[in-house]
Engineer: 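To start, I am sharing the structure in question, which I have written as structure tokens.
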Amino acid sequence: RRVHGDLLVSWSTTAQQNKMKGTLVFGACVLLLSQAFAGLTVPSPKNAGTFLIQQVVTPIVQDAQRVGLDKCKMCIDFAGEALNQLLNIILQGGVVGGCADICGKLADKTSPAVGTVCNILCDLVGIEEFIKLVQKADLDPIYYCELIPVCPVKDDGDAKFTSFAVDPKSGPQGTFSISFEYSSMNGTGTGELSLEIVTVDHIPLGQTFLHEEAAAGTYNGQFQLKAVPDPNCDPSQGPCEEWLPGAYTVKMAICNGECGSKHPHSAIYDESSTSFTITG
């Protein structure tokens, strides 16, 4: 399905640690678009065909220890695009050589850049282990990158929403601000933030965002939802969100691992919901 409408997302995250030893800030700008464009990938297979994302994430670290997180994000971005292709290559018996062979076939199906990352990760663990991990991951990018392993695992993490609201609560079609705050006592593992909007016309609207390992603290952010019909929507290509008058429910979850995954190191830390109304 293709859903038409823009969701501008930005969030800043501040961890207030004991003795204020470190400040961790994430800046992100995310735009949900109605049409595909070159070089753009959906970060997780479960979202394929629902939304396309343009995402720019710039972590800023001051006096905080974050080891291997750049490699982690690179791996997850790669896995979101490549796992399905790699699994097909393996199942079709297309691996007769080493890393160069399987990654070359992947590059032919995707891009040279994806092939390069494939070679890096494959050389890290060896061809036999690389194939085993692709099969074991079962199309879960975060779990795959924890198996490699380039993403940190933290099974004693926690998070709880302390606020979640939409402003304005009621108004005509336009921009609505969705704000959230959550606290963590032990810190969080590599996981996701998930946002879902239950619409009046029942067209599914939702997206997940990578949430890298973070220290204990209080975190907050904001989503800017542009609730207006997309004039470029082509109904022959899928349903078009019209943002009809009525009540809309907004749901958010913060997860360890991929939200909804049954794999190890995966759990839903907390969920929250709120609502807003579009007037006629």
Side-chain angles (χ1 to χ4, degrees), residues 1-14 25-59 77 80 161 163-182 192-211 219-255 259 271-280:
R1 294 179 178 178
R2 299 174 64 192
V3 179
H4 296 261
D6 292 345
L7 176 58
L8 296 173
V9 181
S10 65
W11 75 76
S12 64
T13 317
T14 304
V25 179
F26 292 94
C29 178
V30 182
L31 174 61
L32 275 69
L33 300 175
S34 61
Q35 59 184 11
F37 46 92
L40 194 62
T41 61
V42 177
S44 171
K46 70 179 182 180
N47 296 313
T50 301
F51 285 102
L52 299 175
I53 288 186
Q54 183 181 19
Q55 180 170 320
V56 178
V57 179
T58 306
D77 288 344
F161 286 107
S163 69
F164 186 43
V166 178
D167 183 42
K169 288 289 292 181
S170 179
Q173 291 179 347
T175 300
F176 291 80
S177 177
I178 305 171
S179 60
F180 66 92
E181 181 179 286
Y182 64 88
E192 290 182 333
L193 287 168
S194 172
L195 183 71
E196 176 187 356
I197 300 176
V198 181
T199 62
V200 171
D201 47 13
H202 306 295
I203 295 176
L205 179 64
Q207 188 59 58
T208 58
F209 310 97
L210 175 64
H211 184 282
Y219 297 78
N220 63 76
Q222 188 176 87
F223 297 80
Q224 296 296 320
L225 171 66
K226 187 179 179 183
V228 296
D230 180 0
N232 298 315
C233 175
D234 181 359
S236 68
Q237 300 299 311
C240 302
E241 177 54 47
E242 296 296 333
W243 299 105
L244 300 172
Y248 290 74
T249 299
V250 186
K251 301 177 182 179
M252 193 172 187
I254 181 170
C255 307
C259 290
E271 298 174 286
S272 188
S273 66
T274 187
S275 62
F276 66 96
T277 299
I278 293 181
T279 55

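Heavy atoms only: backbone and side chains are in, while hydrogens, waters and symmetry mates are out.
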Engineer: For Phe209 and Phe223, take the angle between the two ring planes, folded into 0 to 90°, and tell me which bin it lands in: parallel under 30, tilted 30 to 60, perpendicular over 60.
Structural biologist: tilted
Engineer: Counting only N and O atoms by type, is there a donor-acceptor contact under 3.5 Å from the side chain of Glu192 to the main-chain atoms of Cys259?
Structural biologist: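 Side chain of Glu192 to backbone of Cys259: a pair is present.
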Engineer: Using 0.5 Å steps for rounding, measure from the CG atom of Asp230 to the CD atom of Glu241.
Structural biologist: 11.0 Å
Engineer: Return the SG to CD1 distance between Cys240 and Ile203, rounded to the nearest 0.5 Å.
Structural biologist: 7.0 Å
Engineer: Ignoring hydrogens, what is the shortest heavy-atom contact between Leu195 and Phe164? Give both atom names and the distance.
Structural biologist: CD1-CZ, 4.3 Å
Engineer: Show the nearest heavy-atom pair for residues Leu244 and Ile278, with the distance to one decimal.
Structural biologist: O-CB, 3.9 Å
Engineer: Quick one: CG on Leu210 to CG on Asp77, what's the gap to the nearest 0.5 Å?
Structural biologist: 7.5 Å
Engineer: Look at the rings of His211 and Tyr219 and say which category their plane angle falls in: under 30° parallel, 30 to 60° tilted, over 60° perpendicular.
Structural biologist: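 Perpendicular.
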Engineer: Does Ser177 reach the side chain of Gln224, with side-chain heavy atoms less than 4.5 Å apart?
Structural biologist: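 Yes; the side chains approach each other to less than 4.5 Å.
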Engineer: Among Val200, Val198, Leu205, which residue satisfies the side-chain contact (heavy atoms from CB on, under 4.5 Å) criterion with Tyr248?
Structural biologist: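 Only one option passes, and that is Val200.
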Engineer: Below 4.5 Å, heavy atoms only, C-beta onward: do Leu225 and Val166 meet side chain to side chain?
Structural biologist: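 No, every pair of side-chain atoms sits at 4.5 Å or beyond.
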Engineer: Which donor-acceptor pairs under 3.5 Å do side chains of residues 167-176 form with protein atoms, sequence neighbours excluded?
Structural biologist:
from, atom 1, to, atom 2, distance (Å)
Lys169, NZ, Ser275, O, 2.8
Gln173, NE2, Glu242, O, 3.1
Gln173, NE2, Trp243, O, 2.8

